[in-house]
Amino acid sequence: MIEIPTHHKKVTDLHPEEGIAPGSALCAGCGGLEGIRLALKELGDNVHISNAAGCFTLLSIYPFTPFKGSWLYTTMAAPVPAAQGVRDALDIKRSQGKLAEEDDFQVMVVAGDGSSADMGLSPTSAAIHRNLDFIYFCYDNEAYGNTGFQLSGSSPYGSRTQTTPVTQAHPAGAERPKKDLFQIWKSQNPSYIATVSPREPIDLSNKFAKAKTLKGPRLFICLSPCPTGWGFDPKDTHTIAKLAVDTGIFPLKEYVDGQVVHTRVPRKRIPVEKYLEHQKRFRHLFEPTRQNDLIQKIQEDVDRYWEHSS
Ligand SMILES: Cc1ncc(C[n+]2csc(CCOP(=O)(O)OP(=O)(O)O)c2C)c(N)n1
Ligand code: SF4
């Protein structure tokens with residue numbers, strides 16, 4: 001069993017320094033931005049970010065970046081091959097004695113769910129197979145956000161996206177279940193996988209503290225409430241993120257040492273409709289007529305997940 005530090009107990013324990021400068025071109029209330037902010041607090045300054053095209057590429061406007069570490073912009077499918085190149089270059093320098101251990105970089109991919117669950121999945125699988133030493137941070141806004149919110153493999157059943165309009169023939173909007181990226185990675189037995197939420201900073205920070213002590217492929221899936229695409233007021237990001245966990249729709253868990261452990265188990269799960277009804281992308285489930293069968297299906301899927309997890 002790997003001994004793992006869990007040293008944060010309260011928010012004031014978190015690292016006071018920021019790894020990302022304030023002010024950005026991202027939308028107000030972007031949940032993913034809060035997620036990466038917390039991640040970088042824990043990882044420190046020596047982080048190389050390999051960033052797939054998507055919303056977060058707006059963070060860096062050439063020749064400036066808000067990051068303390070280094071940043072590389074890649075195509076949607078290529079952040080992992082790019083990370084491999086950077087890791088290899090650092091390793092060569094290390095082997096030549098030209099880079100001290102304390103000056104080495106943590107190589108981190110930052111990518112949306114479109115890159116992570118769809119376009120970049122094949123090279124990612126190859127890199128996990130090669131046991132590439134890297135962290136993968138997927139900010140999961142459950143669609144192709146940067147281009148106007150089209151369906152991705154991560155879009156949940158029953159959600160409206162630009163490419164899954166709600167019609168008489170398609171009353172649910174998105175008709176396929178969300179791809180389970182956690183399980184896809186797990187099938188290759190990587191060093192670490194975690195789901196995190198910007199609403200749970202202690203849980204998130206302890207998971208990054210843990211991942212830092214490990215080597216090899218390490219995935220973070222960060223639920224990223226997206227006011228623009230999900231359709232809610234930016235001030236409600238944390239409410240939405242909390243409801244995702246409290247309804248059981250977004251389980252907080254980790255995979256390490258061959259075991260999956262839930263790090264927060266909602267004592268009494270709130271009905272999923274409390275989460276759904278706050279967001280315009282699910283409005284058609286309630287108006288003009290309530291679609292009980294669809295809401296019930298979403299509830300049953302969540303109940304089934306927890307029945308099999310306990
Ligand atoms: C091969 C390819 N197809 C389409 C695009 C256009 N494009 C740029 S960003 C983006 C959306 C990316 O979605 P996701 O990875 O989920 O990240 P998000 O935009 O949600 O941050 C798309 C489709 C592209 N850059 N490359
Ligand atoms: S569209 Fe959504 S994910 Fe993209 S920057 Fe705006 S709030 Fe964040």
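Whatever order the structure lists ligands and atoms in, that order sets their numbers, starting from 1.
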Has P227 got any heavy atom lying under 4.0 angstrom from an atom of ligand 2? yes
Please say whether more than 12 non-hydrogen atoms of neighbouring residues, nucleotides or ligands are located less than 6.0 Å from NZ in K186. no
Are there over 12 heavy-atom neighbours, none belonging to K242, within less than 6.0 Å of that residue's NZ?
no
Hits for side chain to side chain donor-acceptor pair (under 3.5 Å) against S60, two or more places apart or cross-chain, chain-then-number order -> none
### Message
atom 2 (Fe) of ligand 2 and C55: any N/O/S contact shorter than 2.8 Å?
### Response
no
Chain-and-number sorted residues having a heavy-atom contact under 4.0 Å with ligand 1 are A53, G54, C55, M76, G112, D113, G114, S115, M119, Y139, N141, A143, Y144, G145, N146, T147
Residue, atom and distance of the protein heavy atom nearest atom 8 (Fe) of ligand 2 read C30 SG, 2.4 Å
One finds that the ligand 2 atoms under 4.0 Å from a non-hydrogen atom of L26 are 5 (S)
query: Going by an N to O cut-off under 4.0 Å, is there a salt bridge joining R269 and D303?
result: yes
Aromatic rings Y136 and W185: how do their planes relate, parallel, tilted or perpendicular, breaks at 30° and 60°? perpendicular
Closest to atom 6 (Fe) of ligand 2 among protein heavy atoms sits C27 SG, 2.3 Å
- prompt: Backbone or side chain, does C226 get an N/O/S atom under 2.8 Å to atom 6 (Fe) of ligand 2?
  reply: no
key: F182 six-ring face occupied by K253 cation (under 6.0 Å, within 45°)   = yes
Which of L59, T65, V47 passes side chain to side chain contact (heavy atoms under 4.5 Å, CB included) with W71? Answer is T65
Output yes when a side-chain donor or acceptor of R283 lies under 3.5 Å from a complementary backbone atom of H278, and no otherwise.
no
If you scan protein heavy atoms around atom 3 (S) of ligand 2, the nearest is N141 ND2, 3.2 Å
query: How far apart are the C-alpha atoms of K207 and D203, what are their side-chain angles, what is the distance that settles it, and do they pass the side-chain contact (heavy atoms from CB on, under 4.5 Å) test?
result: CA-CA 6 Å; K207 286 170 174 169; D203 181 72; 2.8 Å; yes
